[in-house]
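Here is the structure we will look at, set down as structure tokens.
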Amino acid sequence: MNNKKENIPEIHWTERIYNLVRKIPKGRVTSYGALAEASGVRCTARMVGWAMNACHVVTPKVPAHRVVNSTGLLTGRHHFATPTLMQELLEAEGVQIEDHQVVDFKKRFWQPV
DNA sequence: TCACTGACCGTGG
DNA sequence: ACCACGGCCAGTG
């Protein structure tokens, strides 16, 4: 895994993504593509998904449940402890989910800075 | 070592 | 309006 790369002081692009995800306000959501664009042009939405796949070992913990795809669909729900956990977490924050999709996604959407 | 895949997105036919 | 395809990085077989 981390052999020669641990000498490199540069922050990996994955860390940037994790930091952005942590900035997502409670009760709001954002998309993979938005995070990709905010983290850098070298990064694409697919890589954000890959980064999220490993986010469960990252500390501090990353609120990955606030990240959905561009249509507001909870595409990552199967990667949580339970398939319904993502929805439950969002609903606990006041985000309404209907048929695995964020209600009023446009209003709930948070644009990363 | 090579090739494929992935929690996606935008564009073109 | 729907379907198919390319693209980017890193990890795995």
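In what follows, chains carry the letters A, B, and so on, assigned in the order in which the sequence lines appear, proteins first and then strands, with residues in each chain numbered from 1.
- The pair R66(A)-E93(A) counts as a salt bridge, with a side-chain nitrogen and a carboxylate oxygen less than 4.0 angstrom apart.
- Spacing of P atoms, dC8(C) relative to dT1(B), comes out at 24 Å, to the nearest Å.
- No contact: R77(A) has no heavy atom under 4.0 Å from any strand.
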Taking N or O atoms only and anything under 3.5 Å, show me the protein contacts with nucleotides 9-13 of chain B, one pair per line.
| unit_1 | atom_1 | unit_2 | atom_2 | d |
| --- | --- | --- | --- | --- |
| dC9(B) | OP1 | S70(A) | N | 2.6 |
| dC9(B) | OP2 | S70(A) | N | 3.1 |
| dC9(B) | OP2 | S70(A) | OG | 3.4 |

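- For T71(A), the side-chain contact (heavy atoms from CB on, under 4.5 Å) partners two or more places apart in sequence, or in a different chain, are N69(A), L73(A).
- dA1(C) and dC8(B): their P atoms are spaced 23 Å apart (whole Å).
- For the C1' atom pair drawn from dA10(C) and dG10(B), the interatomic distance equals 23 Å after rounding to whole Å.
- For W50(A) and T44(A), each mapped to the nucleotide of DNA chain C holding its nearest heavy atom, the one lying further toward the 5' end belongs to T44(A).
- We find that OH of Y18(A) is positioned 12 Å from C1' of dA7(B), with the value rounded to whole Å.
- dC4(B) and dC5(C): their P atoms are spaced 15 Å apart (whole Å).
- Within the 4.0 angstrom heavy-atom criterion, no nucleotide atom of any strand lies near A36(A).
- Taking F80(A) as the reference, nothing meets the ring pair (Phe, Tyr, Trp, His ring centres under 6.0 Å) condition, with sequence neighbours excluded.
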